[in-house]
Every structure is written in structure tokens, then in C-alpha cells.
Protein chains: 2
Amino acid sequence: MKDITPQQQKVLDCIQVYINKTGFPPTRADICRELGFKSPNSAETHLRALEKKDFISIESGASRGISINNPEIKHEANEYPIVGLVAAGSPTLASENVEKVLNCPKGFFESDFDYFLRVRGLSMKDAGIMEDDLIAVKKTQEIKNGDIVIARIEDEVTVKYFQRSAPNIVHLKPANEDFSDIEVNLEETELYIEGKSVGLIREN
Amino acid sequence: MKDITPQQQKVLDCIQVYINKTGFPPTRADICRELGFKSPNSAETHLRALEKKDFISIESGASRGISINNPEIKHEANEYPIVGLVAAGSPTLASENVEKVLNCPKGFFESDFDYFLRVRGLSMKDAGIMEDDLIAVKKTQEIKNGDIVIARIEDEVTVKYFQRSAPNIVHLKPANEDFSDIEVNLEETELYIEGKSVGLIREN
DNA sequence: CATTATACTGTATAAATATATAGTATATTT
DNA sequence: AAATATACTATATATTTATACAGTATAATG
């Protein structure tokens, strides 16, 4: 992180204060009003300087598209969506699948994650994953053998242990003797890995 | 607070998730994209309904001028100690037993709780409680049959199902067939109930 | 049975906003 | 001495965005 100039610090503080006060970031004009600038370009150039120094991110084209980069994890809390294991289709954050959102501190689990998945069924019982548990899912394709993955095979979504047995053969193994392994031949069947489990929460 | 419709809840969640993801609220068009609406007016009317019911505030004329009203639940976070199952003696919050502290929002589980207990052994495996899991423990003497309790019998601390079989007989039942029930005659043996499990967290 | 709330599509537009361009001036670095 | 970063004013404009208006349809309410 490069050093910030006093004026840039003022602009950064102004953005933070504005967000705290209103709930959304300021426009260039808002910053000018707050800090007494007479040209929107004053704000613009400061914003670009802050962006270059990585203090903020600016989403191009979006109004008020400023977000403050906060690499240090201060017990900031986040709202994470809880999605259900929909029988057909992958768990998506977009639509009717979001059950509710759960407030959880950033860095709660060792790895960061993207959403919670509500578990249906007992196929991972012996891994201590019970019905209605919430799995913290990190969307990633970096899977190692033995990871617990959220996998979609032809519109069916399941939670299983991942094991690549051969270059084109993946085994999805349940942790329950009442269920059997799923062998997926990647040349015949489409397998999409939604992500992997990085944690679990049970409310009882 | 008036009651919210399922669809309005989705829109509200969508706003919250969008803010988490981007740092700023969505536009009407953004909401449509996320939820699959084809007219910006769909988002607009839902927003106005949410505003009328006081779930959100909308700043007139401002782009992305949506803020979520959440005066009551301020997602206050607390530091909870993680204590180990010390072989002799009850889990105390004395500093030598505190492994570390975990930041967790208030009201994270349905019931409030006092500390986390690091689980040793697999005696509650079939209840989905695995080695190294963290049990959220509420210090209480109000125990019902079937509750998962943290019990101390003569300096030995265990986690078990609680069942009062007779006025003076308590059974502490494991959830693992390799372990056997512990029958406690309250007239002969001292049983102290440390508290009960109200939730579980697994970091993996 | 009329009214109101919910839940949408589709179109239009004034206002809000990001952002480029053209300058001026000072301090710092190479 | 030239280049670069900072720190502004002033103007212009394409795009983004909020928001109104016109419909359709269904369920709930009084």
C-alpha cells in the first residue's frame, strides 16, 4: 500500500463518512459539495489517484460505483445468502433459491467463502454433515481428492467427497453406507463443480 | 414492522447481497438482472412496497439511493472464548483453558450462548459432532431429555445426550455404538451439568 | 362487488452521473 | 531541465438511472 497524501486521505474519509451516513457511496458532485471543490474533476482525479494506490475500487460506468478496499480483516461482518439444494439446476444466488441471509464475520472460517448451502438428506452423515446443516461454500474449481464438493451432474446437485480416480474418471463418494458411489466418466457425462465446503454451521 | 411477502424478501435479500458483493446498492436494472425481471418497474414497485413497510429507505433522485433499515438488529459481534475439554475439571473460562477467541455475531444461533467447546473424541459422531468441532455452549441447568449436554462426573467432562430415566437416575448417552451409556445415580455420584449445546461450528 | 395489494411487461424521458477534454499552478523527482 | 504527481477550475456529453405512465392479471379485503 503506497502512502496517501493528506488531501487524498480527506477524500477517502469523506467517502467512508458518506457511506456510514447514507448507506451508499457519494457521487463526484457529492464529494465536491462535502469538501468544497468547485469542479467534479477535482473529485475524479482524487478518486483515480486513490484507485491507483489501491485504497478504493471504482466500477467503470456505474453511478456511485466506489468501494473501499479493506484488506485488513477487522471483524467486519457480512451477510451471506443461504441457498437450498434445488433438485434441478445449480444453487444460484440470483433467484428464488435464497432462503435468507446469515450475518457472519469475515474470516470466520480459515478460507473465505461465498454462500451457505442448506443440506438435504443424510448422504454425508458419517462426515458429520446432517440434514439442515449449513455448509459454507467457496466457489472454486481448485479441488483436491478428499475435498467435500458441491457437484452438479446433469441438473442434480449433491454434496459428496471428491476423488479423481483416472484422468477422465471422477468418483463422488457419500459418507453413508446406505448410499453408493457415483462414478462419473467425464467424456460421457457433464460434471460441474460448484465449489467446495470450507466450514459448517449447525443451529439446534 | 409489517409483514413482508416472499417476493419482497427476495428483493430485500438481493439488495443486501449486492451491497456485500459490490459495496454499493443496486440499480433497478441490477435487481431485474439478479432476479430475472424484465421491466425496471418490477423492481421499482417492490422497492416502493419495501419502503412503505419501512424495510428500506430510498433517497429520491439519487442513483442507487437505497439503504436498508435495520435499527434493531445491529449485528453486534462478540468475542467468545474457545475452551478445551480438559481431562480433569470442568471447562472453565480461566485463561489457561482458553485456546483462542472467536468473533461471532450476537444472535448467531437461535439461543444465546456463553462459550465454544472444542470437541475431543468421536463419542457423538452419529449426532454429527466430530473431533475438533466447536460446540456453542449455553450455561444453563434447564435441560430437557434429548438435549446434548456438557456434563461433569467426578472431574471427567463429556458431551452426551441427556436422559432422565427416573427421579434419581440420569443416562448420558453417546451417539456412537462403540461407546456405552453412562448411568448416573444422583444419590451416589456427583453430576454437574455445565450447560447444553445450542449450535455447532466446523472449520475445515 | 368494488377496492386494494401484489406481481408483473413494456416504453419513455428528465435528471443524475461518470468521465473526457482543456486549462492553470505548485511541488517533487529524475 | 524535463517529467511526473498533486491540486485544482470550467465546460461538455454520452450514458446511467430513477421514475412516471399505460397495461395485464391474480389474490385478498372490506
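By convention in this document, chain letters (A, B, ...) are assigned in the order of the sequence lines, proteins followed by strands, and residues within each chain are numbered from 1.
- Salt bridge A:Arg64/A:Asp30: present, at least one basic N to carboxylate O contact under 4.0 Å.
- Salt-bridge formation is detected for the pair B:Arg48/B:Glu44: a Lys NZ or Arg NE/NH1/NH2 atom is positioned less than 4.0 Å from an Asp or Glu carboxylate oxygen.
- For B:Glu44 and C:dT13, the CD to C1' distance is 14 Å, given to the nearest whole Å.
- Between B:Asp13 and B:Lys10 no salt bridge is recorded (no basic side-chain N to carboxylate O distance below 4.0 Å).
- The nearest whole Å value for the distance from the CG atom in A:Asp30 to the P atom in C:dT17 is 6 Å.
- In this structure, the helix from C:dC1-D:dG30 to C:dT30-D:dA1 shows an angle of 30° between the axis at its start and the axis at its end, each fitted on 5 base pairs and rounded to 10°.
- One atom, CD of A:Glu51, and another, P of C:dA18, lie 13 Å apart when rounded to the nearest Å.
- Salt-bridge formation is detected for the pair B:Lys138/B:Asp112: a Lys NZ or Arg NE/NH1/NH2 atom is positioned less than 4.0 Å from an Asp or Glu carboxylate oxygen.
- Regarding contacts with the backbone of C:dT19, a side-chain N or O of A:Ser60 is found under 4.0 angstrom from either OP1 or OP2.
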Look for any protein N or O under 3.5 Å of an N or O in nucleotides 24-28 of chain C and output each such pair with its distance, or none.
none

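- Between the CG atom of B:Leu47 and the C1' atom of C:dT6 there is a distance of 14 Å, given to the nearest Å.
- When the C1' atom of D:dA5 is taken as reference, atom CD1 of A:Ile4 falls 15 Å away, rounded to whole Å.
- A salt bridge links A:Arg120 with A:Asp132: at least one charged nitrogen is closer than 4.0 Å to a carboxylate oxygen.
- Remark: B:Glu177 CD is loosely packed, at most 12 non-hydrogen atoms of other residues, nucleotides or ligands lying under 6.0 Å away.
- The aromatic ring centres of B:Phe108 and A:Phe108 sit less than 6.0 Å apart.
- Among the protein residues, B:Ala62 comes within range of the sugar-phosphate backbone only, with heavy atoms under 4.0 Å from sugar or phosphate atoms but none that close to a base.
- If A:Arg48 and B:Gly61 are placed on DNA chain C by their nearest nucleotide, the residue sitting closer to the 5' end is B:Gly61.
- With salt bridges taken as basic N to acidic carboxylate O contacts below 4.0 Å, none links A:Asp133 and A:Arg118.
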Might you list the N or O atoms of the protein lying below 3.5 Å from N or O atoms in nucleotides 6-10 of chain D, with each pair's distance?
unit_1 : atom_1 : unit_2  : atom_2 : d
D:dT6  : OP1    : A:Lys53 : NZ     : 2.9
D:dA7  : OP2    : A:Thr5  : OG1    : 2.9
D:dC8  : OP1    : A:Gln7  : NE2    : 3.3
D:dC8  : OP2    : A:Gln7  : NE2    : 2.9
D:dT9  : OP1    : A:Lys38 : N      : 2.9
D:dT9  : OP2    : A:Lys38 : N      : 2.9
D:dT9  : OP2    : A:Ser39 : N      : 3.1
D:dT9  : OP2    : A:Ser42 : OG     : 2.8
D:dT9  : O4     : A:Asn41 : ND2    : 3.0
D:dA10 : N7     : A:Ser39 : OG     : 2.7

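- Atom CZ of A:Arg28 is separated from atom C1' of C:dA20 by 12 Å (rounded to the nearest Å).
- For the pair A:Leu50 CG and C:dA18 P, the computed distance is 15 Å after rounding to whole Å.
- One atom, CD of A:Glu59, and another, C1' of D:dT16, lie 12 Å apart when rounded to the nearest Å.
- The listed nucleotides are D:dT19, C:dT17, D:dA5; the one nearest the side chain of A:Lys52 is D:dA5.
- Applying the ring-ring contact (aromatic ring centres under 6.0 Å, His included) test to pairs two or more places apart or on separate chains, those with a residue in residues 19-47 of chain B are B:Phe37-B:His46.
- B:Lys144 pairs by the salt bridge (Lys or Arg N to Asp or Glu O under 4.0 Å) definition with B:Asp147, not counting sequence neighbours.
- Residues A:Leu200 and B:Leu200 form a side-chain contact, since some pair of their non-hydrogen atoms from C-beta on lies under 4.5 Å apart.
- Residues passing the salt bridge (Lys or Arg N to Asp or Glu O under 4.0 Å) test with B:Arg164: none are found, sequence neighbours excluded.
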